[in-house]
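Structure first, commentary second.
Note that the structure is a prediction, hence the values are computed from the model and not measured. These values consider heavy atoms only, across backbone and side chains, with no hydrogens, waters or symmetry-generated copies. For reference, positions follow the sequence shown, starting with 1.
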Amino acid sequence: MAKIFYDQDVNWEVIKDKTVAIIGYGSQGHAHALNLKESGLNVVVGLYNGSKSKAVAESKGLKVLPVGEATAAADIIMILIPDEKQADVYKNEIAPNLTAGKALAFAHGFNIHFQQIIPPADVDVFMVAPKGPGHLVRRTFTQGGGVPDVFAVYQDATGHAFELALAYARGIGGTRSGCIQTTFREETETDLFGEQAVLCGGVCSLIKNGFETLVAAGYQPEIAYFECFHEMKLIVDLMYEGGMAKMRKSISNTAEYGDYVSGPRVVAEPSRKAMEQVLKEIQDGTFANKFLTDNKVGWPNFYAMRKLNAEHQIEEVGGKLRGMMSWLKDGADLSKD
Ligand code: NDP
Ligand code: MG
Ligand code: MG
């Protein structure tokens, strides 16, 4: 079983006089920067010239510098820009300002694990990855709580990298609810697998297939939307709160019986085999290579797939039906929480 670390396990001394540069002010960036500042650390934000995020960060009283200058001014440099942009920004702006004894930090192991970024041996390298989106990292912190983190040390040049990572996690609120130690490899591979096979890829495919099956059988798309898409949240909320058992307590016996007899037929051995293949392609670097290559040539595949999915009938029907539900704040910018 994993060892879990809490506030009382943290040596705050190792971080309390440090300056932290948060590179990027998006989903994770805004949450880390504001939480660390309110935890008493000196925070600077690193952005590029013309960045839309600059004014937003400054409106919160944060000092914004070009990435190179932010790196030079800081002891800990946390890289929170999109994964596919990190290697170039690291090479051109961070590496030249990364002197011995500083710490390079990440919220996802991708670039270190797939060797897109190879840091010098004389810096600490750690990861603190919140297990939730940035707006939740921020909101829970302001309410006195925190989103659990996983953390890892890739390189310990100073002898303090482990303590530093845990202290950073405390600064963003992670150790209030608990931090689990992992490795860059484990975090990267499991994170990619989870989002591809289950959370994003798996769930969207399941919903679309259910919707298409009903529509092809002649049922109204609006009804198919409610049955296969809209109610997903209600079910997932129950599982999130109290496990599958709580969900099964809340649904009818008819639904629970159907769950047991039909679920394992729908997601069965072929899906398990496909999951194993997805995992293999994550482990051997095939996925990372495809993703980075598509990015290098301007995302032709990414944009084509995005367009195809956006034009799916389920999105059109869903947009119309969500308009009927006044309590849904579609388009609300959650990152501004
Ligand atoms: P975002 O896409 O939200 O980051 C966008 C930010 O990066 C914006 O402020 C943007 O500025 C800035 N930016 C873009 N390019 C540059 C550049 N060249 N130089 C400086 N700043 C730049 O990222 P996320 O928060 O989603 O992800 C950050 C990291 O956190 C990733 O490693 C990700 O895997 C990880 N992570 C993300 C989670 C999430 O909830 N999103 C959860 C856990 C980990 P502008 O807007 O002005 O262009
Ligand atoms: Mg994840
Ligand atoms: Mg991820």
Side-chain angles (χ1 to χ4, degrees), residues 24 26-28 51-53 81-86 108 110 132-136 191-237 239-240 262-263 265-268 270-282 286-337:
S27 176
Q28 289 293 320
S51 162
K52 295 187 298 295
S53 306
I81 63 177
D83 294 307
E84 71 277 8
K85 292 187 175 165
Q86 293 184 7
H108 181 30
F110 190 98
H135 73 271
L136 201 63
D191 183 80
L192 293 175
F193 178 79
E195 64 204 17
Q196 292 177 29
V198 183
L199 305 176
C200 312
V203 164
C204 289
S205 238
L206 184 67
I207 291 174
K208 271 196 308 192
N209 274 287
F211 175 86
E212 286 169 2
T213 302
L214 286 180
V215 172
Y219 298 99
Q220 300 180 74
E222 290 80 3
I223 303 293
Y225 178 87
F226 274 117
E227 298 306 338
C228 297
F229 193 162
H230 177 73
E231 289 185 36
M232 177 68 84
K233 173 171 165 45
L234 315 174
I235 295 298
V236 169
D237 279 351
M239 294 201 286
Y240 184 77
S262 296
R265 293 166 63 208
V266 171
V267 181
S271 295
R272 177 72 76 108
K273 282 267 166 303
M275 285 184 180
E276 285 167 8
Q277 185 61 26
V278 165
L279 181 59
K280 194 173 145 282
E281 290 176 20
I282 288 167
T286 305
F287 169 78
N289 196 24
K290 258 192 206 160
F291 174 69
L292 294 171
T293 307
D294 201 44
N295 174 48
K296 272 211 180 78
V297 294
W299 292 129
N301 290 317
F302 192 5
Y303 291 156
M305 293 186 289
R306 183 181 278 171
K307 182 164 184 286
L308 203 67
N309 275 276
E311 287 168 353
H312 192 282
Q313 187 187 13
I314 202 165
E315 294 290 60
E316 187 198 321
V317 175
K320 198 172 74 184
L321 292 178
R322 287 191 296 273
M324 291 159 51
M325 300 177 226
S326 61
W327 65 93
L328 296 179
K329 291 189 293 173
D330 192 15
D333 188 350
L334 294 169
S335 70
K336 301 293 181 296
D337 271 20

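- Each of E231, R322, E316 was compared with Y225 under the side-chain hydrogen bond (donor to acceptor under 3.5 Å, both in side chains) criterion, and only R322 meets it.
- Nearest heavy-atom pair across C228 and L214 is SG-CD1, 3.8 Å.
- Put simply, CD on Q86 and CZ on F110 are 9.5 Å apart, with the number rounded to the nearest 0.5 Å.
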Between E227 and Y219, does the side-chain contact (heavy atoms from CB on, under 4.5 Å) criterion hold? Intermediate values first, please. CA-CA 11 Å; E227 298 306 338; Y219 298 99; over 6 Å; no

N/O donor-acceptor pairs under 3.5 Å from side chains in residues 199-213, not counting sequence neighbours:
residue, atom, partner, partner atom, Å
K208, NZ, N309, OD1, 2.7
N209, ND2, S205, O, 2.8
E212, OE2, H312, NE2, 2.7
T213, OG1, N209, O, 2.6

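- Taking CG of D83 as the start and NE2 of H108 as the end, the distance is 5.0 Å to the nearest 0.5 Å.
- Taken from OH in Y303 to CZ in R306, the straight-line distance is 6.0 Å, to the nearest 0.5 Å.
- In terms of the salt bridge (Lys or Arg N to Asp or Glu O under 4.0 Å) criterion, K52 has no residue partners (sequence neighbours excluded).
- The pair D294-K290 does not count as a salt bridge, with every side-chain nitrogen at least 4.0 angstrom from each carboxylate oxygen.
- Residues E315 and F229 form a side-chain contact, since some pair of their non-hydrogen atoms from C-beta on lies under 4.5 Å apart.
- Contact annotation: the side chain of W299 approaches that of E84 to within less than 4.5 Å [non-hydrogen atoms, C-beta and beyond].
- The salt bridge (Lys or Arg N to Asp or Glu O under 4.0 Å) test applied to K307 returns E311, not counting sequence neighbours.
- One finds the CG atom of L321 at 9.0 Å from the NE2 atom of H230 (value rounded to the nearest 0.5 Å).
- Of all heavy-atom pairs spanning P221 and V215, the tightest one is CA-CG2, 3.9 Å.
- Here the CZ-CD distance, from F226 to Q220, works out to 11.5 Å after rounding to the nearest 0.5 Å.
- For CD of Q277, the number of neighbouring non-hydrogen atoms (other residues, nucleotides, ligands) closer than 6.0 Å is greater than 12.
- Q28 and G132 make their closest contact through NE2-O, 3.2 Å (heavy atoms, listed as atom of the first residue, atom of the second, distance).
- Taken to the nearest 0.5 Å, the CG atom of L279 stands 9.5 Å off from the CD atom of Q196.
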